[in-house]
Amino acid sequence: MVLSHSGPFTAFFPLLKQPLTGVNEEVVCKNHLILGQHLYKALEGRDLNLYGGEKLRVKVNKHFILMSDPSRLYTIIQSDLPAANGIIHIIDRPITNSLPNGPPRDERFADKTIGEILRKDGKFNRFLSLVDNCGSPPPLHGAGPLTVFVPTNEAVDQARDGSILYMLNDAKDKLQELLRHHVFSQAVLTVDELAALSHVRTMANQLVTISASDDGEILLGEKGVRLASTNIMASNGVIHMIDGLLYPPSILPILPHRCDVIKSKVTVGPCVHCSYLHETQCPEGSVEMESYQIGCEYTNLPLGPTHNKGCAKYCNATKQVFFSDSVEMNRAELEKQRTCKTDKNLDGF
């Protein structure tokens, strides 16, 4: 990490009576940083994530503790010093106890490709099903280097209310674009390296922004998708699990714009002697109207081919027509769809 141009950060600079020795300097540095800029008033009374993996709790009167060692109290001596890439708070001592080695790496399947790892664990099942059924999947078995953002099963399930099913059945080109937007193919980016970037350009040739939450966690995309687990190492890259889907702007809206038009057609039932009108039925799929026709002609066959004047019920038949942006329509139909004009009294279907 290069503090001179990365960020923005909130940095805790300790007062040192003598230089630190026997410590991992990179880890010490990371555990004095929070992603994002936070004035002291915004920190007070909150739990936050330090960039190196520790968690702290800021108390009143400019004190804070580490959640891993709550018995040790730290004091903020001077707060809210501005820097070009963040905010500095001066603290009374360095944060050196119980330090993790930064975000851990899962190297259980480090000799497998990302495509192979997805088949090793059920937590990847939903994303894997999209890869297997999209028609043209991203190159997860290739040489790399790849950084792949894999949504959790729960995240994919939440999208199955319509958008995922629509893409699987009717818009696989959009599904392919969605999957490519979860792959960065220029480098293997661990969570440390992600945090130092403002964005990445995915295989969909579109940007995923990288920012920080109020409590110091990395957020992806415009909707602030959080990392669920990180640094799952593979032979051709790294997997980060995320708690949502990253939607490229090029496929939005996913569901086609619709304007359902109700078309109506008035028909007549059988013509009979007016005294028998109540015994007749409207054609199937139509509804009897209040008015009826008088003066229609019917044939009384037993008495010969004579034409008699009678009555017939008026019947209203309706049909719902679904227009879609994905269906080719002439200019008039498309204009009708986009303006959602409904004609309830058309002459016929």
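One-based numbering along the sequence shown.
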Is the shortest heavy-atom distance from the side chain of [X] to the side chain of [Y] under 4.5 Å?
X    : Y    : value
L140 : V183 : yes
Y314 : V268 : yes
H89  : I34  : no
L146 : T113 : no
L35  : Y51  : yes
E217 : L227 : no
K223 : L245 : no
R126 : P151 : no

According to a 4.5 Å side-chain heavy-atom criterion applied to Ile, Leu, Val, Met, Phe, Trp and Tyr, with indirect links allowed, do [X] and [Y] form part of one hydrophobic cluster?
X    : Y    : result
I242 : L194 : yes
I294 : L277 : yes
I87  : I95  : no
M233 : F184 : no
L66  : I76  : yes

(request) Kindly say whether the aromatic ring centers of F64 and F12 come within a distance under 6.0 Å. (result) yes
Closest non-hydrogen atom pair, [X] against [Y]:
X    : Y    : value
G244 : V225 : N-CG1, 3.4 Å
L219 : G224 : CD2-O, 3.7 Å
M203 : S185 : CG-OG, 3.5 Å
L189 : T147 : N-OG1, 2.8 Å
R105 : T190 : NH2-CG2, 3.4 Å

Would you find a donor on one side and an acceptor on the other, under 3.5 Å apart, between the side chain of [X] and the backbone of [Y]?
X   : Y   : result
N85 : F9  : no
S79 : Y40 : no
D92 : I77 : no

(request) Kindly confirm or rule out an SG-SG distance below 2.5 Å between C311 and C274. (result) yes
(request) Test E177 against R180 for salt bridge (Lys or Arg N to Asp or Glu O under 4.0 Å), laying out the working first. (result) CA-CA 5 Å; E177 189 88 339; R180 288 195 293 268; 2.5 Å; yes
(message) Run the salt bridge (Lys or Arg N to Asp or Glu O under 4.0 Å) test on R119 and D132 for me, step by step, so that the C-alpha distance in whole Å, both residues' side-chain angles and the decisive distance to 0.1 Å come before the verdict.
(response) CA-CA 11 Å; R119 301 185 185 280; D132 286 344; 2.7 Å; yes
(request) First locate atom CD1 of I232, then atom CE of M241, and finally report the distance between them rounded to the nearest 0.5 Å. (result) 6.0 Å
(message) Atom CZ of residue position R57 - does it have more than 12 heavy atoms of other residues, nucleotides or ligands inside 6.0 Å?
(response) no
